[in-house]
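Right, one structure below, let's go through it.
Both counts, for ligands and for their atoms, begin at 1 and track the order of listing. Note that this is a predicted model, so its numbers are computed, not measured.
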Amino acid sequence: MVKIACIGAGYVGGPTMAMIALKCPEIEVVVLDINEDRIAAWNSDSLPIYEPGLDEVVQEARGRNLFFSTDVTKHVSEADIIFVSVNTPTKTSGIGAGKAADLSYWESAARMIAQCCKGPAFKIVVEKSTVPVKTAEAISKVLRTNGDSSVHFEILSNPEFLAEGTAVSDLTAPDRVLIGGKEDADGQRAVKALADVYAHWVPRAQILTTNLWSAELAKLTANAMLAQRISSVNSISALCEETGADVSEVARSIGMDSRIGSKFLNASVGFGGSCFQKDILNLVYICETQGLQKVADYWRMVIDINDYQKQRYVERVIGGMFNTVSNKKIAVLGFAFKKDTGDTRETPAIDVCRGLIADGAKLFVYDPKVEAQHVHYELSAAKFSWDHPKAPYASASRLSSVSVVKDPYEACDGAHAICVLTEWDEFKQLDFPRLYASMTKPAFIFDGRNILDHAALREMGFVVYALGKPL
Ligand code: NAD
Ligand code: UGA
């Protein structure tokens, strides 16, 4: 195996390929994208995504055996293994709009692969993007019917399980690497070739091989189950607020049961990110098309509870502040969908900010890694439009009720309330007595991540609302 190409230099393609290049110095790895700015950024000192530890990985491998390029056809035609890591957003129009996965980027990548690969050759095409179960069958048809007949295309499903903010550690020591392939000799030859790449650093016992459909469905199921845990604990947070129970105590108590486990039980203002909602909607749509309405309804509730949680938070803020936030300055601390990333895709901050703006609030947003144009874009973009490539950020119109500032103290100066929407560690270290002194009284804090020391804040004079905790 001498050369790997990856179509799509995004949050998945960039870091995963950088890790393969780092761990497999004898393999040439080229990451490709049609977005010239993105490739230029990957080739610069300022990478297009913020991910702890990624700079070091890229610096070590780039120029040695890791390359970033827009010359897609050249590198795809030369590659032995072609990863496809393009976006698979939710459809915005037509049949399945608002639910089904839009595979148009995937299909156009497949058509391009078919056109530029010449035989005789054995080419392995790897689904890295998250796709509906049975996508490999459709892609195989596109490749077979459009490609050179002397090229044998073998498709594998190798879904990615990394989480943003921890991508480098997740890739360095993954819980498992999943490879799905056909069960015949060609399929197994391809599975072995890809497993051998990962075996450079992942113990063989953690490289799980299975059939194509199980691998495709396992990815959707993993995200659905993770999101379901969050919606479950968030639903209990609502009950805690009514009964005087404390959701952190409930989570701690159930998490010590080894069958339940303690991870992913943090109540929050709601889950966000580019994948949980998109992948569950995709799962719901697949179930519906298979006639499994009850199963579809079951998973749909995970999203309904998430929307409910965001709405509940907005109502708590407005209700707590005497039923109106009209013309009140509110400091929004954190806009990214989680800490340690600058990613704002489907961040819960979007719905929360929109809810507060609708009631007349003046928002002052501070996030250590999110730029002003992204905040304005997210708050004005249509639902599901964010994952369809274009260069929207610079052209996003500025919202008059939203200011994005570079200093948390400026955001809070004169504010009636602080809304903590992302769990950035630096928020815990803020000088709260200073903030309290600068705020309008009564000074409210609505901790949407339960990261602050609520008792200490109350001692200072703040009125503190925490998720799933007594007032
Ligand atoms: P992304 O939008 O950051 O990156 C996708 C890239 O593909 C874009 O830069 C786009 O320009 C490029 N692209 C689209 N069509 C192309 C084509 N024909 N040729 C060349 N480049 C093309 O998306 P992402 O977050 O990296 O996600 C990619 C896939 O991985 C999705 O299916 C997603 O569900 C899945 N996934 C994402 C994560 C995550 O943490 N973001 C984790 C696991 C799986
Ligand atoms: C998630 C999965 O964790 C990855 O395994 C998967 O590969 C990825 O989706 C994907 O397919 O895109 P990611 O969305 O990057 O990763 O981040 P998570 O850590 O899962 O957080 C998702 C959201 O849930 C965030 O908004 C986070 O704040 C929220 N969350 C997480 C909670 O509200 N509570 C928790 O206990 C955990």
Taking atom NZ of Lys428 as the centre, report whether more than 12 heavy atoms of other residues, nucleotides or ligands fall under 6.0 Å from it.
-> yes
May I ask you to say whether Glu346 pairs ionically with Lys278, meaning some side-chain N is under 4.0 Å from a carboxylate O?
-> no
Does any N/O atom on Val12 come nearer than 3.5 Å to any N/O atom on ligand 1?
-> yes
Distance from atom 34 (N) of ligand 2 to nearest protein heavy atom, with residue and atom | Asn266 O, 2.9 Å
With heavy atoms under 4.0 Å as the rule, classify the contact between Thr166 and ligand 2 as side chain, backbone, both or neither.
-> neither
Just wondering, are more than 12 heavy atoms of other shown residues or ligands nearer than 6.0 Å to CG in Asp257?
-> yes
Look at ligand 2 and say whether Lys263 reaches it with a heavy atom at a distance under 4.0 Å.
-> no
Is the closest basic N to carboxylate O distance between Glu423 and Lys339 below 4.0 Å?
-> no
Tell me: protein heavy atom nearest atom 23 (C) of ligand 2, and distance?
-> Gly272 O, 3.5 Å
Using distance alone, decide if ligand 1 has a nitrogen or oxygen within less than 3.5 Å of any nitrogen or oxygen in Lys128.
-> no
For atom 26 (O) of ligand 2, what's the nearest protein heavy atom and its distance?
-> Phe337 O, 2.7 Å
Starting from atom 15 (O) of ligand 2, which protein heavy atom do you reach first, and at what distance in Å?
-> Glu164 N, 2.8 Å
Do me a favour and list the nearest non-hydrogen protein atom to atom 31 (C) of ligand 2 with residue, atom name and distance?
-> Ile230 CD1, 3.5 Å
Could you say whether the N/O atoms of Asp279 and ligand 1 ever approach to under 3.5 Å?
-> no
Winner among Pro159, Ser85, Cys275, Gly14 once heavy atoms are compared against atom 33 (C) of ligand 1 | Cys275
Crowding at OH, Tyr50 (>12 non-hydrogen neighbours, <6.0 Å) = yes
Under 4.0 Å to a heavy atom of Thr88 - the qualifying atoms of ligand 1, by number = 31 (C), 32 (O), 34 (O)
Test item, Lys219 contacting ligand 2 (heavy atom, 4.0 angstrom) | yes
Does Val72 come within less than 4.0 angstrom of ligand 1, counting non-hydrogen atoms of the residue?
-> no
Side-chain donor-acceptor pair present, Ser69, Asp71, cut-off under 3.5 Å | no
With the threshold set at 4.0 Å, does a side-chain nitrogen-carboxylate oxygen contact exist between Glu241 and Arg312?
-> yes
Do me a favour and list the nearest non-hydrogen protein atom to atom 17 (O) of ligand 2 with residue, atom name and distance?
-> Lys338 NZ, 3.2 Å
If you measure from the Lys or Arg side-chain nitrogens to the Asp or Glu carboxylate oxygens, is any gap between Lys310 and Asp351 under 4.0 Å?
-> yes
When you measure from atom 12 (O) of ligand 2 to every protein heavy atom, which one gives the shortest distance, and what is it?
-> Cys275 SG, 2.7 Å
Using 4.0 Å as the upper bound for N to carboxylate O, is an ion pair formed by Asp246 and Lys469?
-> yes
In terms of its nearest heavy atom to atom 7 (O) of ligand 1, the top option of Ala163, Gly8, Gly10, Pro89 is Gly8
In terms of residue, atom name and distance, what is the protein heavy atom nearest to atom 9 (O) of ligand 2?
-> Phe276 CE2, 3.6 Å
Flag the pair Glu137 and Lys182 as a salt bridge only when some basic side-chain nitrogen lies within less than 4.0 angstrom of an acidic carboxylate oxygen.
-> no
Leu265 neighbourhood, listing ligand 2 atoms whose heavy-atom distance to it stays under 4.0 Å | 36 (O)
